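Working notes for the structure below.
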Amino acid sequence: MTEVLNTGSHDLPVTDELAAFMRTGWAGERRAGIAPLPIAPWAAKRRAALAQRFPGERLVIPAGTLKVRSNDSDYRFRPHSAYSYLTGAGESDDVLVIEPSGEAVLYVRPRAPREEGQEFYRDRRYGEFWAGPRPDLAEAAELYQVECAHIRDLDVKGPARVLRGVDASVDARVERSGGDAELESFLSEMRLIKDEWEVGELRSAVDATVRGFEDVVRALPQAMGHRRGERYLEGVFGLRARLEGNAVGYDSIVASGSHACVLHWIRNDGPLRRDDLLLMDAGVESDTLYTADVTRTFPLSGRFSAVQRQVYELVYEAQTAAIATLRPGARFRDFHLAAMRVICEGLRDWGLLKEPADTLLETGLYRRYTLCSSGHMLGLDVHDCAKSRAEVYLDGVLEEGQVLTVEPGLYLQPDDLTLPEELRGIGVRIEDDLVITADGAELLSGGLPRHPDEIEAWMGTLL
């Protein structure tokens, strides 16, 4: 096999003498501390469930490939969530194959031996000296508790279902099957109910997120003096995410003043003004890639003004009503409808809309002030299980073990002439993470206050 090196445009030539010197004198010891990952027994159960769903079929699930950021610089790699769910592995270019017998083989790119070739010190994309060590085949088998083979030996013969759009080279090797879409849906749907290990990972991610929000409040005096105060706070939270997890689970939204009316404000380049609210939507992603997703809106001064409290309390009441609907057997859409009914009634009480709540829910006029849905499944992806069929997710019912967010909001645009001037430019969202239990739901993010009085008291202890 011809050696192909990703050497980059600035690679220096290697003499025969240097190449020979680089092949010798290495200890060659097996990496210390190799032990099965905690996820390994859970991943094995998931692979078995997948094989049982498609008996006698070959299933191909790639990890994904490195993606270029610019020139010879790649983005930090994150495996496809389905691959991570089934293996716990995190290296690029690897492929999981479940054979018709139900046996699984993980095809990996092991680290290059130092006694042969130049990859380990010249290949800027995969070489150990450039990108860090990958496990060898024996180490990979020990870590993931599954049979491992070299990726060069991957040869998918006969019909197979493939998780497509993840690795173009894998897509090209296997003829497209009419069953690929069904595989993709099931890989999403099997993650709807979290097992005990997953709930523990999500709980840890949420706890770290709570500490990140506390860091942000403590940093407010310094951040408010910076012309890019939003970005200062983004950095503060990002530090917590990197210290306690893999990173943030998504780009943090740090929106002060009217920026809070932009649903996905991630520029985070604005200043912090003492009389404004700050809406922060952020989550720590664990080392195992499970992410929290929490939003709090709080006054930069430490105290809500009368009009800020008016808006906040309506969103708080909407979220409280939504949370009260959560239990096994309830329709997934019920919590959103409960929140929107409260919003409609509040907007009517304020005189912004005249029709009864039932009429407003039917016409959708209230959505001028609260455009998006009020929550989603949560797990390996911040919007988890997104490829699930509507009948088992959006139009389905809640089941014990599901983890979801509840996040109603009001976004009163600064240029909206249907609003009295004092309401314009106020955005409020409150978002919490919950796990469905046998008789209701547990608030995983209860370590952060929700009620406005509690928020003021909380800020007072941190500032």
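What you see below is based on every heavy atom in this structure, not just the backbone, and it leaves out hydrogens, waters and symmetry mates. Small disclaimer: the values here were computed from a predicted structure and weren't measured.
- Taking 4.0 Å as the cut-off between side-chain N and carboxylate O, D180 and R164 count as a salt-bridged pair.
- Every residue meeting the ring pair (Phe, Tyr, Trp, His ring centres under 6.0 Å) condition with H259, not counting sequence neighbours, appears here in chain and number order: W265.
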(request) Starting from the C-alpha separation in whole Å, work towards a yes-or-no answer on side-chain hydrogen bond (donor to acceptor under 3.5 Å, both in side chains) for E407 and S374. (result) CA-CA 5 Å; E407 51 171 319; S374 299; over 6 Å; no
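- For the atom pair CZ (R125) and CG (N6), the distance works out to 6.0 Å, reported to the nearest 0.5 Å.
- Considering only residues two or more places apart in sequence or on other chains, F213 meets the ring pair (Phe, Tyr, Trp, His ring centres under 6.0 Å) condition with F237.
- A distance of 4.0 Å separates CZ in R240 from CG in D215, rounded to the nearest 0.5 Å.
- Under the 4.5 Å side-chain criterion, counting only non-hydrogen atoms from C-beta, I323 is not in contact with F335.
- Side-chain atoms of I430 and Y312, non-hydrogen and from C-beta on, do get closer than 4.5 Å to each other.
- Using modelled atom types, no side-chain atom of E400 and backbone atom of I436 make a donor-acceptor pair closer than 3.5 Å.
- Applying the ring pair (Phe, Tyr, Trp, His ring centres under 6.0 Å) definition to pairs two or more places apart or across chains, those involving residues 174-194 are F54-F186.
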(request) Please step through side chain to side chain contact (heavy atoms under 4.5 Å, CB included) for the pair S388 and S188, ending with a clear verdict. (result) CA-CA 5 Å; S388 301; S188 188; 3.2 Å; yes
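- L448 is not listed as a side-chain neighbour of I455, based on a closest heavy-atom distance of 4.5 Å or more.
- Two residues are said to be in side-chain contact when any heavy atoms from C-beta on lie closer than 4.5 Å; E115 and W26 fail this criterion.
- P135 places a side-chain heavy atom less than 4.5 Å from the side chain of Y144.
- Using a 4.5 Å heavy-atom threshold, the side chains of L404 and L326 count as touching.
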(request) Could you check M377 against V403 for side chain to side chain contact (heavy atoms under 4.5 Å, CB included), going step by step and ending with a plain yes or no? (result) CA-CA 6 Å; M377 293 296 177; V403 178; over 6 Å; no
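- Within the structure, side chain to side chain donor-acceptor pair (under 3.5 Å) contacts touching residues 83-97 (residues at least two apart or in different chains) are D93-Y126.
- Inter-residue side-chain proximity for L202 and V435 is flagged as unmet; no heavy-atom pair is nearer than 4.5 Å.
- Scanning for side chain to side chain donor-acceptor pair (under 3.5 Å) contacts around E57 gives R161, with sequence neighbours left out.
- Applying the side chain to side chain contact (heavy atoms under 4.5 Å, CB included) test between R173 and each of L154, V95, V60 identifies L154 as the sole match.
- Y250 pairs in a side-chain hydrogen bond (donor to acceptor under 3.5 Å, both in side chains) with only one of the listed residues (D281, D381, T291), which is D281.
- Between Y107 and H150, the ring center distance fails the sub-6.0 Å criterion.
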(request) Assess whether side chain to side chain contact (heavy atoms under 4.5 Å, CB included) is satisfied between D384 and R191, documenting all intermediate values. (result) CA-CA 8 Å; D384 208 29; R191 300 192 345 245; 2.5 Å; yes
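- E234 and S252 form no side-chain donor-acceptor contact under 3.5 Å, judged by distance and modelled atom types alone.
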(message) Would Y411 and L371 count as a side chain to side chain contact (heavy atoms under 4.5 Å, CB included) here? Give the steps.
(response) CA-CA 8 Å; Y411 312 98; L371 191 60; 5.7 Å; no
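- Scored by the side-chain contact (heavy atoms from CB on, under 4.5 Å) test, R389 finds S185, E189, E391, V392 as partners (sequence neighbours excluded).
- Side-chain contact check for V248 versus V284: every heavy-atom pair is 4.5 Å or farther apart.
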